[in-house]
Amino acid sequence: MAPLLDKVRLVMENNRRTNDEHQFTLPSPELYPFQWLWDSCFHAMILSHFDIPAAKAELRSVVSSPLPSGMLPHIIYHTRTEDIPKLWGREQRGDIITSSWGVVGTSSITQPPLLALAARKLYDLDNDLSLIEDIYPKLKDHFVYLDRERTIAGFGPLLAIINPDESGEDNSPRFDEALDLAPMHVPDIHLDARLTLIKHFAKCDFKVATCMQEYFSVIDVPFNILYAEDLTHLAFLAGVLDRDDDAEMFQTRAGAVRIAFKEHLYRDKQFQSYDTTNHTHIQVSTWAKFMPLYGGLLTKREARELIFTELLNPEKFGTPFPVPTTSVSEPAFDPETGFWRGPTWMAPNWFIYHGLKRYGFTSLAENIKEKSLALIEQSGFREQYDPETGEGQGAKNFTWGGLVLDMN
Ligand code: GLC
């Protein structure tokens, strides 16, 4: 493991930035020169293996710019607004900032909740209460916002995302129908559709349940599984701060989310995301179908069936370099240029690794880890990899490969 640790340390340190107030890590200096919400949670977990102070700084920084609603945004720019399109090298992306609600310095949407898990992992290492005391109020405000603004009448405590980017899987084919797109299309059309949603969001005055439902509103399986898990971790953090009422509230909500999963998202013997705009379950087969392993939502028998019929099936997800983000059987499957439409990403592998471990499939989990290591060995720290050849794609010097350190 030592050489791997050195390689990960190098990427993390090269991507580290500091300004007057904050220290944080860029996912990739060339392509992603800002701070991202779920990336920073991954970063904290990676850093926890060799640089605990940097991991804590990362979390303090990522909670530093909540919107007035309490929502933690998915990007903090840490730079002047006018420099953003230039830095990003994508003029169009500037729309996301200029059309957002006038908040300077962040985006106006969020990403999957993983902060309480990352904070808990750090707390477990050295019982440092000061980190938890510092960040807990921001976490609480964020979760209060999610419950207040992102629940949809008729779906209990489940949350809706209002833009595919909020899933972290920007162009996943799970969202094609909701965006009115065919399985094959040019990537720019997809980006345009997502940017249009940002404009609607601004016009909606950011009242999600009452307004965005008309345009895009998806109760996404991975987002809600991470929410349920993070509520449990948040309850734990509330407990260490002796906030017993909060702890009980978050724990109760976690239980309610799990029950709602079965009631609203379980169809044809699997959990499927739900499009509340078009009133339909989403059947496109992506790696999201393995997230119930991570969240412990399946019986052992269901887990076994899922693994043998899907994960290990070469016609679905059993490619030479697993786990493809979209099933080989889908018309949208595009292993070479697909981004989230086929290529293998390290974060899904990390979730699936832990899901398999949760159900006791240790050797299958080890196999995911070995294949992930082989990808780094063959192609370095890249954003995605071709699931068939292992060739690296997308951003270079991308941090997520470091998650292999946290496959243990
Ligand atoms: C891409 C990914 C998203 C990630 C961001 C920064 O947009 O789809 O999940 O947060 O890059 O790494």
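Whatever order the structure lists ligands and atoms in, that order sets their numbers, starting from 1.
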* Asked: Is the shortest N/O to N/O distance between E169 and ligand 1 below 3.5 Å?
  -> no
* Not counting sequence neighbours, which residues clear ring pair (Phe, Tyr, Trp, His ring centres under 6.0 Å) with Y274? List them please. => F155, H281
* Looking at P27, which atoms of ligand 1 are within less than 4.0 Å of one of its heavy atoms? -> 6 (C), 12 (O)
* **Y266 and F261 aromatic centres sub-6.0 Å** => no
* Which of the numbered atoms in ligand 1 are below 4.0 angstrom from a heavy atom of F398? -> 12 (O)
* For residues 354-373, pull every pair meeting ring pair (Phe, Tyr, Trp, His ring centres under 6.0 Å), keeping only residues two or more places apart or in separate chains. => W350-H354
* Asked: Any side-chain donor paired with an acceptor under 3.5 Å for W400 and D39?
  -> yes
* Asked: Are any of the heavy atoms in Q111 under 4.0 Å away from ligand 1?
  -> yes
* Of all the atoms in ligand 1, which lie at a distance below 4.0 Å from a heavy atom belonging to D170? -> 1 (C), 2 (C), 3 (C), 7 (O), 8 (O)
* Charged tip of R120 within 45° of F236 ring normal and under 6.0 Å -> yes
* Number the atoms of ligand 1 from 1 as they appear, then name those within less than 4.0 Å of a heavy atom of G168, with their elements. => 2 (C), 3 (C), 8 (O), 9 (O)
* cation_pi(K140, F143) dist<6.0 Å, angle<=45 -> no
* ligand 1 and W38, any nitrogen or oxygen pair closer than 3.5 angstrom? -> yes
